[in-house]
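Both ligands and their constituent atoms are indexed starting at 1 by order of listing.
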Amino acid sequence: MAPKHGLDSFKSEQEQLAKRAKSSATPTSRSATPADPGAKVPFEVKYPNMDESMKRSAAEQELAAHADWQVSPFVAKGALREGELDQHYTVVPHVEWESMKKYNNFIIQGEVYKNDQFVFVRGENTPKDKDTEGQPKDFWVARILQVRAKNAQNVYALIAWMYWPEELPPPGIKQKDMESRDSGKRTYHGGHELVASNYMEVLDVLSFAGKADVYHWLEEDDNLSHKLYWRQTFNRKTQALSKLREHCICGGYFNPEKTMFICDNTECKVWLHKECIIDDILSKTYSRLIEGESGTPDTKTNGIARTNGKKTKGKNRHKGLFTATIKDDGDGAPIAIIKDLRPGADPKTWEEAIKCPKCSTELQ
Ligand SMILES: [Zn+2]
Ligand SMILES: [Zn+2]
């Protein structure tokens with residue numbers, strides 16, 4: 001999905017065009033959201049420069065003079081500081097915006113919407129016949145900050161956007177947990193995960209497709225079922241994601257759709273990635289069977305443990321020699337099944353109890 005309005009501002013036009021060509025079925029901007037494609041929302045959100053010590057144009061000063069302060073409803077657990085996402089904004093044309101009355105709630109098709117509510121928003125490419133039950137990613141998700149109306153036909157909501165991780169722009173510096181080069185989605189992002197932001201927009205409430213149930217997950221449990229949730233924020237000003245709770249021996253994060261194992265030692269209690277446990281098992285197997293007790297390469301395995309006469313080092317030194325899987329049927333301790341791939345190996349396959357890579361306690 002292409003990033004929505006404003007997110008792409010740091011990239012060249014060419015990059016944007018390339019992206020559009022690649023995914024022509026995705027919206028290029030969330031500005032084009034009204035249910036009636038002909039009815040463009042007449043309001044726009046600007047973020048004025050409030051720094052009086054800077055030289056500002058008359059237009060910039062005018063914007064600043066009419067700015068409001070928005071306290072973000074999103075405070076992530078790993079926020080740099082409280083109020084990180086709070087900001088000044090001005091809706092233009094401001095005279096028209098300010099002249100409209102504010103409402104605390106409104107009704108569309110018999111459903112009452114309130115301030116602070118999460119909503120599904122129909123984009124220009126959202127299939128007309130789609131409801132929000134099946135494929136939530138056909139829709140955008142927003143949180144209502146303020147509602148104003150000119151009359152019963154013209155009701156507008158100031159909203160803060162939530163992003164699907166695939167819509168986030170790739171980080172400026174390459175990160176090892178990126179899923180691909182052209183999006184900000186990370187390997188820890190789950191399929192039902194949204195990222196809260198301080199990108200704001202004014203929408204015609206007729207573009208709303210229903211209420212959304214979005215849970216603020218504090219990463220204290222893994223009891224998420226299939227709810228939509230958010231735990232992280234994306235800051236418009238810094239283009240940075242908020243920090244998450246670090247787990248495992250790798251210091252990585254938790255993708256709630258992937259299994260993690262928890263060490264039962266009450267002193268340790270570390271949450272472990274399956275892949276990290278497997279790496280640890282393979283590395284220990286390598287040390288035991290190839291390097292021997294002394295920790296030096298076993299000469300008998302010369303040519304396997306050595307590549308071009310050099311001792312192989314690093315995480316993947318066991319590659320092509322051993323594989324491991326974890327058997328975990330829910331009851332009882334998980335077991336490692338290790339295969340020795342070397343020709344003539346005996347035994348070829350065996351089972352082992354799994355030890356916590358951090359404290360060496362057996363997993364129960
Ligand atoms: Zn890990
Ligand atoms: Zn442990």
Side-chain angles (χ1 to χ4, degrees), residues 76-79 165-166 168 170-171 173-181 183-193 195 217-224 229-234 240-291 295 312-339 350-364:
K77 215 177 169 191
E166 329 28 16
L168 295 171
I173 302 159
K174 210 175 144 195
Q175 307 282 326
K176 69 175 195 304
D177 54 9
M178 284 164 75
E179 275 220 343
S180 78
R181 274 172 50 216
S183 106
K185 185 170 188 206
R186 309 301 164 84
T187 48
Y188 58 77
H189 284 132
H192 297 84
E193 180 156 4
V195 178
W217 182 43
L218 297 169
E219 294 195 283
E220 279 157 359
D221 57 71
D222 55 356
N223 207 356
L224 274 163
Y229 66 93
W230 74 276
R231 58 176 155 164
Q232 205 175 19
T233 57
F234 184 75
L241 288 162
S242 60
K243 296 257 175 296
L244 293 175
R245 191 174 155 193
E246 288 177 8
H247 296 283
C248 195
I249 41 163
C250 69
Y253 309 112
F254 179 31
N255 179 337
E257 279 158 37
K258 291 187 185 158
T259 309
M260 274 191 121
F261 293 85
I262 298 171
C263 174
D264 307 285
N265 175 358
T266 47
E267 307 274 290
C268 178
K269 282 272 171 207
V270 67
W271 291 23
L272 299 157
H273 295 114
K274 194 174 178 178
E275 307 83 71
C276 295
I277 294 179
I278 288 176
D279 270 345
D280 183 65
I281 292 167
L282 290 173
S283 166
K284 282 176 182 153
T285 306
Y286 181 94
S287 298
R288 185 161 50 91
L289 296 181
I290 307 285
E291 289 180 345
T312 49
K313 279 191 191 138
K315 232 176 130 187
N316 284 321
R317 55 190 190 153
H318 47 70
K319 220 173 162 185
L321 302 175
F322 307 103
T323 60
T325 51
I326 295 178
K327 189 172 83 179
D328 179 34
D329 41 25
D331 35 59
I335 297 283
I337 301 168
I338 303 168
K339 277 200 170 90
W350 66 97
E351 293 189 353
E352 268 178 28
I354 299 170
K355 282 183 179 160
C356 169
K358 198 174 169 190
C359 72
S360 296
T361 305
E362 269 183 30
L363 300 189
Q364 299 296 303

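Less than 2.8 Å away from the Zn ion (ligand 1), the protein contributes these N/O/S atoms: Cys248 SG, Cys250 SG, His273 ND1, Cys276 SG.
Between Arg231 and Glu219, at least one side-chain N (NZ, or NE/NH1/NH2) sits under 4.0 Å from a carboxylate O, which counts as a salt bridge. Between Arg317 and Glu291 there is a salt bridge, with a side-chain nitrogen of the basic residue lying less than 4.0 Å from a carboxylate oxygen of the acidic one. Salt bridge annotation for Glu352-Arg288: present, with a cationic side-chain nitrogen under 4.0 angstrom from a carboxylate oxygen. Ion pairing between a basic and an acidic side chain is recognised when a charged N comes within 4.0 Å of a carboxylate O; Glu351 and Lys327 show such pairing.
For Cys263 atom SG and Cys356 atom SG, the angle they make at the Zn ion (ligand 2) is roughly 110°, to 10 degrees.
Enclosure of atom NZ in Lys269 by more than 12 non-hydrogen atoms of other residues, nucleotides or ligands within 6.0 angstrom is indicated.
Between Trp271 and His247, the ring-plane angle classifies as parallel under the 30° and 60° cut-offs.
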